[in-house]
Every structure is written in structure tokens, then in C-alpha cells.
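Quick one: the structure is below, questions incoming.
Just so we're on the same page: letters track the sequence lines, and every chain starts at 1. The figures that follow rest on heavy atoms only: side chains count, while hydrogens, waters and symmetry mates do not. Just so we're clear, the structure is a prediction, and the values are computed from it rather than from any experiment.
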Amino acid sequence: MSQVRTRFAPSPTGDLHVGGAHTALFAWLFARHEGGRFVLRIEDTDEVRSTERSLAAIYDGLKWLGIDWDEGPDVGGPFAPYIQSERLGIYQDHIGRLLDSGRAYRCFCTPEELEERREIMRARGIPPRYDGRCRDLDEDEVARLTREDRPSCVRFRVQETGTTVVNDLVRGEVWFDNSLMGDFVIQKTSGYPTYHMAVVVDDHLMQITHVIRAEEHLPNTPAHVQLMEALGIERPQFAHLPLIMGTDHTKLSKRHGAVNLMDYRDQGFLPEAMRNFLALIGWSPGAEEEILDLRELTDRFTIEGVSKSPGVFDLEKATWLNGEYLKRADAEYLADVLSPMLREEGLLEDDLSPERRRWLVAVVDLMKERTRLLTDFVTWGSYFFTEDFPYDPRARKKWLSREEVPDRLDMLADRLEEPGTWDVDGIERIIRDLADELDVSAAKVIHPCRAAVTGQTVGPSLFDVMVLIPQTDVASRLRRAAKLGRAGELAPSPSEE
RNA sequence: GGCCCCAUAGUCUAGUGGUUAGGACUCCGCUCUUUCAAGGCGGCGGCACGGGUUCGAUUCCCGUUGGGGCUACCA
């Protein structure tokens, strides 16, 4: 059996969409699972909407997710070029063959005429497909119109009777009535091929064995099959993947919020988490474990595991999964990913001394246990990086605005300021000793202290937090909170509650 | 409208002609803890409906309903 070859064939008309990433991932996982090759082909036959910037965005998105390609525009390969706009001659040859054999013909109808006629058909309740007006123009007529420089496109003469059966790896046999299909355009007036023409020719020439694409292409498949038959091309296997939907159960689109893959990076997702999450929409490993790394994903991926029904993009679950990855991630790695984000917020200097770097890793290691998004490090953990952190309304209400708190904070500041080793045990002893002397529970000192030092009511173990903040800063934060508290400036304002 | 696809909790899903229908997210409760946004334990909640086939259907068939996709010189 020949080697498996799959491809991802996006059109560069925008950033890489979550749906596109999903399709790419599945095609890639299948190729990797089978030990086959994965091809990236750019379908830029939409001359109007294709952009160079979008091409770069596709590369970036795929790379971010960890999807690599064996053949593609940038890396080349035995079937180059891999950009359709550079393959125009190839399509023209195939279209020429179809024209010669009579399976295709020139159509001189203008877009306006077409639209007008479609409107009439719709009004009459007839399915609006091409009416075949130019189907049987005689040669003289064609020659005359051509001589007059009348623009024309090329249409494929579809089978008028019978059925076209598509055998889909996910859905089984799907039957289509040929009489319902209109003659479709294979070459635009501009000379560019349409998607249908280019995809069929390229999948064949690039020896794609499995066409894995989104379900929205299923209705196009009989047209492709007919083209293949007319061209004498062997059919590849087809696998149409379930669509990803928004929470309102329509195809994921802009109005659902973030649909660009990279938006999720900006929102604080780790690529391995997003990849894992995407793999779980419309596919199941069959086991109960669903946190799967790259290796496990490729080992276990099969088409049989692909489901037929569309899946909703559940941000809650994606966020949870991301938290699981954060928890398990290596702190050094997270520090690398986080550094640029912290710098962007002005929370971290550009050049880290080795010592400062070790400190950052320690902060990350302490926090990662309870974060869900990378951005949590910035929002929840700002007190590690700046004196200008906010006081959470709950912290104000519950602790900082209490009458007895300022005095205790000052006392604590005095003691913590004493020169000595700044370590977890020492800090804990000082705090507990103070509580004993005041004859209150340790919590009565710990909570206000946390509120004063971090501005929050929750977080990692307080002593572990404190040891990562300079001793002098801790003392000054305690005094600042005491002063503000006495002045009544930490009373929770109604708007903050 | 026509064609096609789909249907297990709010969501992602496993699964079977006979199961207490399994797991995960969310939510709720309990618990541990200096705190929870972490950990542990537990709970609520599901086979869309109607006909068949069958000794027996969530599972097979048909229909209904619901949802989605496609109906372009976009892909």
C-alpha cells in the first residue's frame, strides 16, 4: 500500500481560523499516525481576497500549534509549487482537455444575467442552478462571441442523470442525485480556476491519498468526483470532519468572539492545551483520559474515532484544560512564555540577571498550581512585580478596613523588618508569635497580612509568597496598608463591592 | 424552498440488541488548609419524539421534530 499523504489547503484570506486549525490538526494527526506525509498547499485562487499577510498568519498559526509540514510553499517538495496562483498553467491544461473532450464549454453569460435568471427561478420556486443556456452553443456562435471579445468562463458539463455516490470514511456512502447539480464554473473569466477545479487537479497531482476536510465541503464532493471521472483521475479517500460551532450552534464565526487561533494565545492559552482541546472536538481517543500530549495524540488518532456530529467550542473546558497544562508545565518553560507578556505590561525588565531569572521561575512555580490562563499570572500576580498593585474589594471589606488591623500590621512590619535571614520558616514564626502574643488565632494575622502584602484574599501559601518579595517591600506594604486603613481609605466603596 | 449531514445531561464525549448508560467541563455540597482560584470526596443532570422489527430497544429500520451545512465566476 502506498504511503498516506494528507494535506491542509487553506485560502489565505484572513488569519488562521479555529476551524481551519481544527481541520489542519486532524489531517496532520492522521498523516503522523500513519507514518505518512503532510502537505501544506495554499489555495489562493480568490485573487481578490488573498493576501500576503494572511499567508504569514497561516504559517504562524500552524507553527504555534506544533503542526509541521513535509511539503509546502516555503519548504518545497516533489510537487512544487504549492501555491495555486503559481500553478495556473497546470489548471489551464486540464481545462483544455475537458474543453476538447466536450465535457466543458465556454459560457458567455454575465454575472448580472446569471443573477437575474437565478432571481426568476427563485421566484418561481425552482432551485436556482445554472440553466444551461450556453451549454449547446454551436462552434460558429462560440467563435463569433470570442471574436467580439466577449468575456467568458468555462463550465463543466455535469452528468444529467443517475447518482453520484461519495464514500466517506466518516459518514459512509452518501448519494447525490445528478439531476440536481448545475453545470458549475471551473475557470473564471479572469482565467483563474475555481476551487473545484484546482482542488481536484492538485490533490491528484500531489498524490493526496486522503482528503480530510470540513463537512461544509461534503456537498461539493459529487462535483469533484464527476470532475475526476471526466479527467480519468482516481478518487482519493474522503473524510469530512464535523464542524466546530459557537455556543449558539451555528458555524463558528466572528460574532462568536475570538475565532482566530492566535487570539487564544493572546488570551493566555498554551499551544499544547489548545491543540489537545481542538483534538477533542469531534474526536475521542476512546479512553477516559483526555489530557493527551502530542505523542499520545498521534499514537491514538484514527478516523474511526472521528464523530459525525458537530461540536460546540466550549471556552470553559478549554480554559480548564489550559489550567491542567499550566499545572503540569515546567516552570522554566512557563517563565519563557510569560516573560514577553510581563514585559508588555511593564512588569519585567528586558535583561534578567541569572538571580532575577531564578526568582521569576520560583514565582511562576508557586503560582502555576492555581492559574488557568497565562494572563492570570499578570492579573493575579502583579504584586510580585510591582508596588502598584490593586486592593481587591473583598480584601478591603474583609480585612483592611477593620479597626484592629492597622495596629497589627504596623507591629508585624516592625518585627519583619528586623535584620535576619528572609526565609519561609522565619516569616512564619514571626507571624505566629505575634498572633500568640495578641492572643488571637494565626488566621487573624495571616489574612490581614495577605491583604496588605498582595491586595488579595486568596493566593498561594502566604509565607511562600512573602519570601519572594523583598523584605523591605513587605514592611513598607504593611505600613502603607496600615496608614491607608487608619485614614479610612481602604473602606470598600459601594461601587467596588 | 431544494439537496445533504447530524441527534447520549447546558457543553465535549464513551458505549451496548439485555449495562445501576461510563468519563470530562460547568454548577452545587462537603472536606483539608492561613486563603481558594489549588487538592480530596460526593451530588444534581442524559439516550429528542412517534411508529415499527424483536422475547427485549438508547442501540436496527421508517417517519416526525429539532439543529447544522451547501445551494457563487468564495473556498
Which nucleotide in the set C12(B), C73(B), C70(B) lies at the smallest distance from any side-chain heavy atom of Val312(A)? C12(B)

Check every atom of U26(B), A75(B), G39(B) against the side chain of Lys327(A) and return the nucleotide holding the closest atom.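 Selected nucleotide (nearest to the side chain): G39(B).
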
Any carboxylate oxygen within less than 4.0 angstrom of a Lys/Arg side-chain nitrogen, looking at Glu43(A) and Arg41(A)? yes

Quick one: sort the His224(A) and His196(A) rings into parallel, tilted or perpendicular, breaks at 30° and 60°. tilted

Separation of U34(B) P from Arg408(A) CZ (nearest whole Å):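 Atom-to-atom, Arg408(A) to U34(B), this comes out as 17 Å.
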
Cationic N near anionic O, under 4.0 Å, Glu115(A) to Arg122(A):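 Between Arg122(A) and Glu115(A) there is a salt bridge, with a charged N closer than 4.0 Å to a carboxylate O.
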
For the pair Ile303(A) and Phe30(A), evaluate side-chain contact (heavy atoms from CB on, under 4.5 Å) and give the outcome as yes or no after the intermediate values. CA-CA 7 Å; Ile303(A) 300 281; Phe30(A) 180 71; 3.6 Å; yes

Pick the C1' atom in G18(B) and in U13(B), then give their distance to the nearest Å. 24 Å

State whether Glu215(A) and Lys308(A) are salt-bridged, where the test is any N-O pair (Lys NZ or Arg NE/NH1/NH2 against Asp/Glu carboxylate O) under 4.0 Å.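 No, this pair does not count.
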
Just to be sure I understand the rule, does Asp177(A) reach a base, reach only the sugar-phosphate, or reach nothing, if contact means heavy atoms closer than 4.0 Å? nothing

Between U34(B) and A24(B), how far apart are the two P atoms, rounded to whole Å? 29 Å

Using a heavy-atom distance cut-off of less than 4.0 Å, which residues of residues 183-193 of chain A contact RNA chain B?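 Within residues 183-193 of chain A, the residues near RNA chain B are Val185(A), Lys188(A), Thr189(A).
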
Do any of residues 361-378 of chain A sit with a heavy atom less than 4.0 Å from RNA chain B, and if so which? Glu369(A), Arg370(A), Arg372(A)

Among C73(B), A75(B), C25(B), find the nucleotide with the atom closest to the side chain of Asp46(A).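 Minimum distance to the Asp46(A) side chain belongs to A75(B).
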
Using a cut-off of 4.0 Å on non-hydrogen atoms, how would the nucleic acid contact of Pro128(A) be classed: base, sugar-phosphate, or nothing?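 Here Pro128(A) touches the bases of the nucleic acid.
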
Need one value for Gly459(A): base, sugar-phosphate or nothing, where a base atom within 4.0 Å counts as base even if backbone is also close, heavy atoms only. base

Taking only the side-chain heavy atoms of His249(A) (C-beta and beyond), determine which of G67(B), C73(B), A24(B) contains the nearest atom.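 Of G67(B), C73(B), A24(B), G67(B) is nearest to the side chain of His249(A).
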
Does Arg155(A) make a cation-pi contact with Tyr130(A), if we ask for NZ or CZ under 6.0 Å from the ring centre and within 45° of the axis? yes

At 4.0 Å (heavy atoms only), tell me whether Trp380(A) reaches a base, stays on the sugar-phosphate, or touches nothing. base

Interatomic distance, Leu88(A) atom CG to Ile83(A) atom CD1 [nearest 0.5 angstrom]: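 If I round to the nearest 0.5 Å, the distance is 12.0 Å.
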
Can you tell me how far C1' in C44(B) sits from the matching atom in G10(B), rounded to whole Å? 13 Å

Between Asn178(A) and Thr164(A), is there a side-chain donor-acceptor contact under 3.5 Å, judged purely by atom types and distance? yes

Please report, rounded to the nearest Å, how far the P atom of C4(B) is from the CH2 atom of Trp175(A). 12 Å

Need one value for Pro460(A): base, sugar-phosphate or nothing, where a base atom within 4.0 Å counts as base even if backbone is also close, heavy atoms only.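 Since a base atom lies under 4.0 Å of Pro460(A), the category is base.
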
Rounded to the nearest 0.5 Å, what separates atom CD1 in Ile95(A) from atom OG1 in Thr194(A)?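 The distance works out to 7.5 Å.
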
What is the distance, to the nearest angstrom, from the CZ atom on Phe8(A) to the P atom on A75(B)?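 Whole-Å distance recorded here is 15 Å.
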
Take the angle between the ring planes of Tyr391(A) and Phe389(A) and call it parallel below 30°, perpendicular above 60°, tilted in between. perpendicular

5′-ward residue of the pair Phe176(A)/His217(A) relative to RNA chain B: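 Here Phe176(A) is the residue nearer the 5' end.
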
Once side chain to side chain donor-acceptor pair (under 3.5 Å) is applied, do any residues pair with Asp149(A), and if so which ones, sequence neighbours excluded? none

Taking the minimum atom-to-atom distance to the side chain of Ser284(A), which one of C5(B), A75(B), A14(B) wins? A14(B)

Base, sugar-phosphate, or nothing: which does Ser307(A) touch, judged by heavy atoms less than 4.0 Å apart? sugar-phosphate

Please evaluate residues Leu55(A) and Ile42(A) with respect to the criterion side-chain contact (heavy atoms from CB on, under 4.5 Å), reporting the C-alpha separation (whole Å), side-chain torsions for both, the decisive distance (0.1 Å), and the verdict. CA-CA 8 Å; Leu55(A) 180 61; Ile42(A) 302 301; 3.5 Å; yes

Quick check on A75(B): is either OP1 or OP2 less than 4.0 Å from any side-chain nitrogen or oxygen of Arg49(A)? no

Between residues 272-282 of chain A and RNA chain B, which residues have a heavy-atom gap below 4.0 Å? Leu280(A), Ile281(A), Gly282(A)

Say we look at U26(B) and U65(B): how far apart would their P atoms be, to the nearest angstrom? 37 Å

Identify which one of Ile244(A), Leu241(A), Leu243(A), Val18(A) satisfies the side chain to side chain contact (heavy atoms under 4.5 Å, CB included) criterion when paired with Thr23(A).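 Looking at Ile244(A), Leu241(A), Leu243(A), Val18(A), the match for Thr23(A) under the side chain to side chain contact (heavy atoms under 4.5 Å, CB included) is Leu241(A).
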
Donor-acceptor side-chain pairing of Gln159(A) and Gln226(A) below 3.5 angstrom: no

Arg171(A) has an atom CZ; how far is it from atom P of G69(B), in whole Å?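 To the nearest whole Å, that distance equals 13 Å.
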
Contacts to RNA chain B from residues 441-457 of chain A, heavy-atom cutoff under 4.0 Å, which residues?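 Within this stretch, Ile446(A), His447(A), Arg450(A), Gln456(A), Thr457(A) sit under 4.0 Å of the strand.
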
Nearest to the side chain of Pro111(A), heavy atoms from C-beta on, is which of G10(B), C73(B), U34(B)? C73(B)

Counting any heavy atom closer than 4.0 Å, what does Glu43(A) reach on the DNA or RNA strands: base, sugar-phosphate only, or nothing?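 Sugar-phosphate contact only.
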
Spacing of the P atoms in U19(B) and U59(B) (rounded, Å):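 Rounded to whole Å, the distance is 14 Å.
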
Scan Leu180(A) against the nucleic acid and name what it touches under 4.0 Å (heavy atoms): base, sugar-phosphate only, or nothing. sugar-phosphate

Options G2(B), G68(B), C70(B), nucleotide nearest the side-chain atoms of Thr250(A):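 That would be G68(B).
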
Between His240(A) and C4(B), is there a contact of a side-chain N or O with OP1 or OP2 at under 4.0 Å?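 So the side-chain polar atoms of His240(A) never come under 4.0 Å of the phosphate oxygens OP1 or OP2 of C4(B).
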
Using the C1' atom on both, measure A57(B) against U16(B) and round to a whole Å. 11 Å

If you measure only the distance, is there a donor-acceptor pair under 3.5 Å linking the side chains of Asn322(A) and Tyr264(A)?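 No.
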
Nearest-Å distance once atom P is located in both U58(B) and G46(B):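 It comes out at 15 Å once rounded to the nearest Å.
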
Nearest-neighbour nucleotide for the Lys317(A) side chain, C25(B), G68(B), C6(B) considered: C25(B)

Select one nucleotide: of C5(B), A75(B), C73(B), the one nearest the side-chain heavy atoms of Thr45(A).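 Comparing C5(B), A75(B), C73(B) against the side chain of Thr45(A), the answer is A75(B).
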
5'-most contact on RNA chain B (nearest-nucleotide basis), Glu290(A) vs Phe108(A), goes to Glu290(A)

Please list every donor-acceptor pair under 3.5 Å in which a side-chain atom of residues 274-285 of chain A meets a protein atom from a residue at least two apart or in another chain.
residue   : atom : partner   : partner atom : Å
Arg275(A) : NH1  : Leu65(A)  : O            : 2.8
Asn276(A) : OD1  : Leu292(A) : N            : 2.8
Asn276(A) : OD1  : Tyr325(A) : OH           : 2.5
Asn276(A) : ND2  : Glu290(A) : O            : 3.1
Ser284(A) : OG   : Gly286(A) : N            : 3.0

Using the P atom in both, what is the distance from C5(B) to C60(B), to the nearest Å?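 Pairwise P distance, C5(B) against C60(B), rounds to 16 Å.
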
What I want to check is whether the side chains of His240(A) and Arg213(A) have a donor and an acceptor closer together than 3.5 Å.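 There is such a pair between these side chains.
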
